[in-house]
Amino acid sequence: MKRIMLTVAYDGTNYHGWQVQPNGRTIEGVLNECLSLLLGEKTEVIGASRTDSGVHALGNIAVFDTNTSIPPEKIAYALNARLPADIKIRGSKEVDASFHPRRCDSRKTYEYRIYNAAFPLPTERLYAHFAYTPFDIGRMQEAAVYFIGTHDFKSFCNTDTQAENTVRQVEDVTVKKEHDMITIRVIGRGFLYNMVRIMAGTLMEAGRGFIKPQEIEHILEAKDREAAGPTAPACGLTLIKYEFL
C-alpha cells in the first residue's frame with residue numbers, strides 16, 4: 001500500500017464544492033469515481049482544502065492510498081484521460097504513508113478577482129465578479145492591512161461553520177488593479193468557511209466608501225458576522241497555491 005499525492009486544478013462552476021454531497025456533483029466525488037475505475041479498487045481521496053460551491057483552484061492537494069502498480073508520476077496522465085475537461089491533475093507523486101494534507105503546517109494563497117467596468121465581459125463571467133460601481137483602490141489597500149496578523153475572524157465566517165476555534169493567521173493581503181481587473185490576494189495558514197469571500201465583500205464596501213478602512217479593526221473585535229460586509233460571489237475566488245511548510 002502506498003500513498004499518492006495529487007495536485008488538482010478545476011473550474012468549480014458546475015460543482016457543489018469539493019466535498020462529497022448527497023445531492024450534488026462535487027470535485028471529490030468525481031476524483032473518487034475516476035480513480036476507482038482507473039485503479040480497479042475503491043478509492044477515496046483526502047483533500048487539503050474543501051473549497052465552496054463555484055470556487056476554482058489551480059493547485060488544491062489530495063492524497064489517496066492504493067496498491068496499484070502504476071508508477072506514481074504516471075497516475076496523473078492516466079487519470080487525466082478519464083477526468084472531465086474542467087478537472088485536471090497537474091502532478092502526482094508518492095508521499096510518506098503518514099502524510100495528511102490537513103494535519104501539517106501549510107500556507108494557502110487565494111485570489112479574488114473583480115471585473116470592474118461599465119459593462120460585463122462574457123469571457124470573465126465565470127472567473128471574476130462583475131461590478132460596475134467605481135472603487136477607491138487606495139481605501140481598499142488601506143483596509144486590507146488590518147487583516148494581516150493573528151486575529152479572531154468570527155465576524156468573517158459563515159454562521160453555519162462548525163469550527164470551534166475562529167482564530168486564524170493571515171500573512172498578507174494585497175489589492176491591485178490592472179486595467180479593469182481588481183485582484184485581492186490573501187495568504188494565510190488556514191481559513192474559515194467563506195472567510196476570504198467575506199473579506200473580499202468587506203473590502204469592496206470600503207472601496208465604495210460605505211465603511212472607513214480603520215473600521216476593519218472594529219469589525220474584527222465585534223466577533224459578529226452581521227458587523228462585516230456581504231459574502232462576495234463564489235465565481236471570483238480561486239485557490240492559487242497550497243504550500244507545505
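The figures here come from the full heavy-atom set of this structure, side chains too, leaving out hydrogens, waters and symmetry mates. Since the model is a prediction, treat every value here as computed from it, not as a measurement.
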Check: Tyr127 ring centroid to His56 ring centroid under 6.0 Å: yes

For Arg185, all residues meeting side chain to side chain donor-acceptor pair (under 3.5 Å), sequence neighbours excluded: Glu111

Flag for Asn194-Thr231: side-chain donor and acceptor within less than 3.5 Å: no

From CA spacing to verdict: salt bridge (charged side-chain N to carboxylate O under 4.0 Å, His left out), Asp152, Arg168: CA-CA 6 Å; Asp152 189 329; Arg168 294 293 186 272; over 6 Å; no

Of Ile182, Ile114, Val186, Val145, the residue whose pairing with Val175 passes side-chain contact (heavy atoms from CB on, under 4.5 Å): Ile182

Qualifying side-chain hydrogen bond (donor to acceptor under 3.5 Å, both in side chains) pairs, either residue in residues 18-32, two or more places apart: none

Over all atoms of both residues, closest heavy-atom pair of Gly229 and Glu205: CA-CG, 4.2 Å

Side chain proximity check, Val55 to Thr238, heavy atoms < 4.5 angstrom: no

Which atom of Ala222 lies closest to which atom of Ser155, heavy atoms considered: C-OG, 3.9 Å

Leu121: hydrophobic cluster co-members (side-chain, 4.5 Å): Tyr115, Phe130, Tyr132, Met181

Main-chain N/O of His129 paired with Arg113 side-chain donor or acceptor, under 3.5 Å: no

Student check: side-chain heavy atoms of Ile75 and Phe64 closer than 4.5 Å: yes

Sub-6.0 Å ring centroid separation between Phe191 and Tyr193: no

Residue of the set Leu39, Leu79, Ile87 for which side-chain contact (heavy atoms from CB on, under 4.5 Å) holds with Cys34: Leu79

Within 6.0 angstrom of Lys2 NZ, more than 12 heavy atoms from elsewhere: yes

Euclidean distance, Arg225 CZ relative to Ile219 CD1, rounded to 0.5 Å: 10.0 Å

Check: Thr7/Tyr242 side-chain N/O donor and acceptor closer than 3.5 Å: no

Which residues share a ring-ring contact (aromatic ring centres under 6.0 Å, His included) with Tyr112, sequence neighbours left out: none

Donor-acceptor contact below 3.5 Å, side chain Asp136 vs main chain Arg139: yes

Arg107: side chain to side chain donor-acceptor pair (under 3.5 Å) partners, not counting sequence neighbours: Glu171

Close side-chain approach of Asn14 and Asp86, heavy atoms under 4.5 Å: yes

Main-chain N/O of Ser49 paired with Asn60 side-chain donor or acceptor, under 3.5 Å: yes

Test ring-ring contact (aromatic ring centres under 6.0 Å, His included) applied to Phe147 - qualifying residues, sequence neighbours left out: Phe156

Asn80 to Lys88 - nearest heavy-atom pair and separation: O-NZ, 2.9 Å

Main-chain N/O of Ala76 paired to Ser92 side chain as donor or acceptor, under 3.5 Å: yes

Pairwise side-chain contact, Leu126 with Cys235, heavy-atom cut-off 4.5 Å (strictly under): no

For the student: nearest non-hydrogen atoms of Thr66 and Met1, plus distance: N-SD, 3.4 Å

Residue pair Arg90 / Ala9: nearest heavy atoms and the distance that separates them: CD-CB, 3.7 Å

